[in-house]
Amino acid sequence: MTPMEVERPDLFSNGTVILGGGLCGLILAHELAQSLESKYGANAPCVWVIEAPSGPVPTRDQHRPARWLRLLGGEADYQLQTQPSTALAGRSIHWPRGKGLGGSGRINSMIWFPPTDADCQSLTKLLLPEQRPNAEFPSVESQAEIKQQLLKAFDRAVEIVRPERPRWLSPTSTAFLKSISGQTSGRFHTYDRLNRNGRRWTAANLLADLQQSNPDAAKRIRIVHASVSSLKIDNDAVIGIRWSDGRTSQLASDVEVVSSLGAIGSPTLLHKSGLTHPQIGQNLHDHLIMPVIHSHEGHAFSDSTSDTPELARWQHSGGGPIACNIAECGGIDEDQRWQLHVTPTDYLRFPKDTRRPAMTIGVNVTCPRSRGSISWTEDETIIDAGYWSDDRDRIELLDGVRWVRELVKQSGFDRRLRSELIPGSKRQTDEAICAAMARYTQTLYHPAGTCALGDVVNPNFRVRGLANLRVVDASLLAEPTTGNPPATLAMLACYAAAQLSRE
């Protein structure tokens with residue numbers, strides 16, 4: 001066991017219990033531990049982090065950015081599936097969700113896409129203090145203050161996460177960015193990502209950072225590897241934690257619980273704990289990406305290398321193809337209708353098949369209107385993703401595919417390509433493209449919204465009706481983030497930590 005790891009206690013007292021050791025949960029623990037140590041010194045309360053145990057994963061898959069896709073479906077993945085969707089040609093879609101310290105960051109490329117002004121504005125409205133009946137509408141000053149606090153929280157998130165510029169970019173992505181430069185009014189660039197020195201980084205590394213930078217604060221954190229089944233609630237307060245082995249640990253009256261179990265885990269926990277708010281599990285949203293795949297005359301990208309110089313290059317400088325996180329670059333159009341993800345691979349076959357040189361320009365609708373839901377039987381969590389439940393999303397994505405085709409043609413990038421494999425150059429009608437979309441679209445691993453701020457959770461992050469239970473994770477996001485959510489979630493976790501520290 002590491003110094004932070006402890007056995008599961010029978011009684012939690014004098015502290016905060018964070019359920020979930022992913023990005024939000026570990027940022028909360030990192031920030032609360034430092035704040036409490038600064039305020040109380042040796043008498044500071046403890047911060048417990050509860051995370052389900054995970055089986056081992058291959059070290060090279062965990063550390064090498066180019067190999068993260070090999071972690072999907074393995075020991076670190078909960079291996080969730082959506083319900084079959086008639087809109088998507090009857091398909092079920094694998095929804096990767098990470099298990100173990102680091103959460104979904106363990107099995108994701110973790111692109112760092114800073115929140116847009118629209119993202120901050122959406123959160124600002126939801127974080128405004130709730131007004132008493134007949135009170136005046138919140139002032140412009142209070143809105144400006146909350147937005148300023150969010151921006152400060154984002155600066156703090158950047159400071160502790162330290163997202164990294166890419167150490168290497170594939171020839172196809174380099175050519176794409178060069179071709180479209182000056183050809184479009186959108187914002188396209190290489191994506192920062194959660195790497196350190198060209199190696200994959202997860203929020204679990206925050207604990208090692210804290211042990212080095214502030215060992216006294218690090219001593220306040222206790223890591224418990226255990227699976228939570230539900231919460232024991234009495235008189236509108238959480239008084240115990242029930243575990244998957246049937247046992248229960250009690251909570252003293254001075255303990256607060258924060259669920260950071262994510263968009264699937266948090267509503268499931270509330271449901272299993274007997275809460276009946278009608279919006280628990282509702283408002284589920286996700287980004288659905290359509291891969292536009294081309295063949296080309298270059299070399300096929302592979303995540304496996306026996307090339308000693310390339311391995312030495314990565315070990316020495318963090319550079320070279322091994323540092324590629326696959327989703328290398330992209331951006332959004334001027335009107336923020338679509339986001340692009342450009343990869344040096346066949347999005348649908350990689351890493352299982354790397355025989356043919358291919359690259360993908362994936363397009364998704366930034367702000368889908370469709371909503372799904374989570375429901376439960378006695379022994380199953382049922383995910384209805386709700387893709388294209390609002391037909392405007394399907395039409396918007398169809399327009400996005402046509403926009404990608406036009407972008408490739410007008411920029412001259414098509415001269416570097418051989419042929420369009422998916423949807424395929426023969427598919428030109430709306431009907432044909434939509435049929436391909438139904439068959440080939442995939443999740444971007446961005447489920448959110450199932451314990452939405454303003455509905456299930458109030459602006460203080462408290463679950464309505466309970467005195468000592470909060471939620472801080474992707475389930476709070478009432479609206480989809482414009483781009484990849486990790487940066488917005490890191491900002492929200494830092495904001496929540498600052499708020500909890502002031503109370």
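Everything numeric in this text was worked out from a predicted model, so none of it was measured.
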Check: [Y] main-chain N/O paired with [X] side-chain donor or acceptor under 3.5 Å:
| X | Y | value |
| --- | --- | --- |
| R199 | N197 | yes |
| N283 | G449 | yes |
| N460 | R462 | no |
| Q336 | T482 | no |
| S122 | A118 | no |
| R222 | I50 | no |
| Q282 | S373 | no |
| D393 | S370 | yes |
| T360 | T345 | yes |
| N108 | G105 | no |

Quick one: [atom1] on [X] to [atom2] on [Y], what's the gap to the nearest 0.5 Å?
| X | Y | atom1 | atom2 | result |
| --- | --- | --- | --- | --- |
| L261 | T268 | CG | OG1 | 9.0 Å |
| T16 | L32 | OG1 | CG | 5.5 Å |
| H277 | C451 | NE2 | SG | 10.0 Å |
| Q442 | L88 | CD | CG | 9.0 Å |
| D216 | S38 | CG | OG | 11.0 Å |
| L340 | T343 | CG | OG1 | 11.5 Å |

Does one side chain, of [X] or [Y], offer a donor that lies under 3.5 Å from an acceptor on the other?
| X | Y | answer |
| --- | --- | --- |
| H30 | D209 | no |
| R165 | T190 | yes |
| T116 | D119 | yes |
| H341 | N484 | yes |

Carefully, step by step, assess D399 and R392 under the rule salt bridge (charged side-chain N to carboxylate O under 4.0 Å, His left out). CA-CA 10 Å; D399 290 344; R392 288 175 292 181; over 6 Å; no

Assign the ring pair F113 / H189 to parallel, tilted or perpendicular, where the plane angle (0 to 90°) is split at 30° and 60°. tilted

Do [X] and [Y] have side chains that approach each other closer than 4.5 Å (heavy atoms only, starting at C-beta)?
| X | Y | value |
| --- | --- | --- |
| S13 | D254 | yes |
| L19 | L231 | yes |
| M491 | P115 | yes |
| I180 | F413 | no |
| R97 | Y445 | yes |
| Y495 | L127 | yes |
| Q148 | E145 | no |
| I383 | L284 | yes |

Which atoms form the tightest heavy-atom contact between [X] and [Y], and what is the distance?
| X | Y | result |
| --- | --- | --- |
| Q339 | G483 | OE1-CA, 3.4 Å |
| I160 | C494 | CD1-SG, 4.2 Å |
| F154 | P114 | CZ-CB, 3.8 Å |
| V161 | W112 | CG1-CZ3, 4.0 Å |
| I326 | A66 | CD1-O, 3.9 Å |
| N468 | V255 | ND2-O, 3.3 Å |

Pairs in or reaching into residues 18-35: which pass salt bridge (Lys or Arg N to Asp or Glu O under 4.0 Å), with residues at least two apart or in two chains? E31-R156

Show, in sequence, the C-alpha distance, side-chain angles and deciding distance for L500 and V258, and conclude whether the side-chain contact (heavy atoms from CB on, under 4.5 Å) test is met. CA-CA 11 Å; L500 268 64; V258 182; 4.3 Å; yes

Checking side-chain contact (heavy atoms from CB on, under 4.5 Å) against R200, which of R67, Q62, H63 comes through? Q62

Go through the steps for R337 and D335 under the test salt bridge (charged side-chain N to carboxylate O under 4.0 Å, His left out), then give the verdict. CA-CA 5 Å; R337 295 174 64 191; D335 298 323; 5.6 Å; no

Stepwise side-chain contact (heavy atoms from CB on, under 4.5 Å) check, L123 with L492: CA-CA 9 Å; L123 284 173; L492 192 61; 4.3 Å; yes

Near [X] [atom1], under 6.0 Å, is it more than 12 heavy atoms from other residues, nucleotides or ligands?
| X | atom1 | answer |
| --- | --- | --- |
| Q81 | CD | yes |
| K125 | NZ | no |
| R196 | CZ | yes |

Could you check I241 against W48 for side-chain contact (heavy atoms from CB on, under 4.5 Å), going step by step and ending with a plain yes or no? CA-CA 13 Å; I241 298 175; W48 285 274; over 6 Å; no

Considering only NZ, NE, NH1 and NH2 on the basic side and carboxylate oxygens on the acidic side, decide whether K152 and D155 come within less than 4.0 Å. no

Check this for me: does any side-chain nitrogen of one of R470 and E503 sit under 4.0 Å from a carboxylate oxygen of the other? yes

Run the numbers on L275 and L466 for side-chain contact (heavy atoms from CB on, under 4.5 Å), then give the verdict. CA-CA 10 Å; L275 300 185; L466 292 177; 3.8 Å; yes

Going by side-chain hydrogen bond (donor to acceptor under 3.5 Å, both in side chains), D77 matches just one of K99, R106, H94. Which one? H94

Quick test of your reading: applying side-chain hydrogen bond (donor to acceptor under 3.5 Å, both in side chains), list the pairs with at least one residue in residues 471-480, sequence neighbours left out, ordered by first then second residue. S266-D473, R371-E479, D473-S475

